[in-house]
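In what follows, every heavy atom counts, from backbone to side chain, and hydrogens, waters and symmetry copies are set aside. Atoms within a ligand are numbered from 1 in the order they appear, just like the ligands themselves.
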Amino acid sequence: MNGSRIDEVRKRMLHLRIDALIVSSISNIRYLTSFSGSHALCIITSRSLFFLTDPRYGNHSSREVRGFKRIVSGGSLIDAARNKGVFTKCKRVGFEAGHSTYATYRSLKRALPAARFVATDNLIEDITVAKSPLELRQIRRAVSISDEVFTMLLGIIKPGVRECDVAAEISYQHRRLGADADAFEPIVASGVRGALPHARATTRKVKSGEMVTLDFGCRVNGFHSDMTRTVAVGKVTRKARQVYAAVLEAQQRAVTAARTEMRVSDLDKIARDCIKAHGYGRYFIHSLGHGLGINLHEKPRISKMSDERLRADSVVTIEPGVYIDGFGGVRIEDDLLLTRHGSEVLTRSPKELMIL
Ligand code: ZN
Ligand code: ZN
């Protein structure tokens, strides 16, 4: 258990006048309890902390979860909590609106007919934004594993290799180098498929003269890395080099400009204006980046629509891209740590166009 995180949660509960908070997001549960399994609930009241899971994780959770009263039940975890008196005297019960299904909400209402339910939004996600030194160590480790995997990929990407072979190599090397798992299914997009920002790796073979976009990351003790590089296989067209130069310049400008307290919309604008000036503005179809930590995508979303500001001790991705249907695409993504005095690029892999 991390006492200061719990104190912070309770402070926010007080503010919302909530007597009990039901945490159902598995990564938020991991953040609060260190539980690494896949099924649990966590209930925080002003006086007590409860952790509930099913019998598969009985033993498992007894090793990982400290400072919480553990309840192991084969049936509905909400019913088990109610039967154990977890909600006694709780009038206003908070739940995580973004992580609860309508079915969960209905069963909550059935189990606690007298309670008033309060939908909370990003209550724990807000707390996860600023990283502790221990959390940063996990992120640094995850980033350096992905950097090492990228170096290995340079040796296997060549004409004839299939996208799915490259994706399999990414997953295998992540695990071999000590990650818990991939952060997400690796993206390997060659040639025209590079125009799909989230292309799944297929059996398509990489050809000479094509660009290949690789977007991948891993997880270390629950914390994520996320990086993208686009490489050239053999000699690519002038247009491909021009698109690459535009994305690289936008990415570097944004990395250099990023500062704690800066508006994320201003940062997004720096990259967007640069790509626009190169003539590819309408092909940059997503936001510039996102927060990274116990969740792969967390606050802030670095978007022109957001009024958030960058916060000290947070980690964000900077990932502009250009996607042209029938041609292909380029994306470059680094993980950036914001400090009180500036920033540090955690991703170390080179960014100048590599020709394999
Ligand atoms: Zn990514
Ligand atoms: Zn990303």
Side-chain angles (χ1 to χ4, degrees), residues 27 125 128-129 131 138-151 153 157 163 166-167 169-171 173-174 179-190 193-201 211-220 222-231 244 247-248 250-252 254-255 258 264 267-268 271-272 275 284-306 308 310 314-323 328-338 343-351:
S27 49
E125 284 84 346
T128 68
V129 170
K131 270 67 182 174
Q138 317 301 325
I139 295 174
R140 280 181 193 279
R141 178 87 193 104
V143 172
S144 83
I145 287 175
S146 290
D147 269 335
E148 207 174 327
V149 170
F150 178 69
T151 308
L153 294 181
I157 297 174
E163 292 173 349
V166 179
E169 189 70 18
I170 292 171
S171 303
Q173 294 298 351
H174 271 152
D180 310 340
D182 288 332
F184 52 93
E185 198 181 322
I187 293 167
V188 180
S190 61
R193 297 192 71 255
L196 309 170
H198 275 192
R200 294 193 59 200
M211 305 284 267
V212 183
T213 299
L214 308 147
D215 184 352
F216 57 94
C218 67
R219 213 163 59 214
V220 170
F223 287 84
H224 295 85
S225 62
D226 183 6
M227 68 176 283
T228 308
R229 289 292 182 271
T230 303
V231 296
Y244 193 93
V247 174
L248 179 60
Q251 207 271 352
Q252 279 171 329
V255 164
V264 295
L267 187 58
D268 181 280
R272 211 163 289 280
I275 289 180
F284 179 15
I285 52 175
H286 53 69
S287 50
L288 180 64
H290 53 86
L292 183 72
I294 193 95
N295 296 288
L296 171 65
H297 294 109
E298 55 179 55
K299 289 172 63 119
R301 184 166 161 229
I302 304 181
S303 140
K304 60 181 168 191
M305 261 96 79
S306 171
E308 286 184 271
L310 294 173
S314 69
V315 177
V316 298
T317 69
I318 305 287
E319 49 178 310
V322 164
Y323 312 91
V330 172
R331 180 166 64 254
I332 302 171
E333 174 181 28
D334 282 338
D335 302 335
L336 187 73
L337 166 66
L338 292 149
S343 68
E344 180 191 337
V345 184
L346 302 179
T347 311
R348 299 276 168 86
S349 298
K351 288 189 278 197

Nearest atoms (heavy-atom pairs only) where Leu292 meets Ile139: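 Reported closest heavy-atom pair: O-CD1, 4.2 Å.
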
Closest non-hydrogen atom pair between Ile318 and Ala254, with its separation: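 The pair with the smallest heavy-atom distance is CG2-CB, 3.7 Å.
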
Whether Asp215 has an N, O or S atom under 2.8 Å from the Zn ion (ligand 2): no

Aromatic ring proximity Phe184/His224, centre distance under 6.0 Å: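 So the answer is no for these two rings.
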
Asp226, N/O/S atom nearest the Zn ion (ligand 2): OD2

Name of whichever N/O/S atom of Glu333 is nearest to the Zn ion (ligand 2): OE2

Lys351 side chain to Gln252 side chain, donor-acceptor N/O pair below 3.5 angstrom: no

Degrees at the Zn ion (ligand 2) between the NE2 atom of His290 and the OE2 atom of Glu319, nearest 10°: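 Centred on the Zn ion (ligand 2), the NE2/OE2 angle is 80° (to 10°).
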
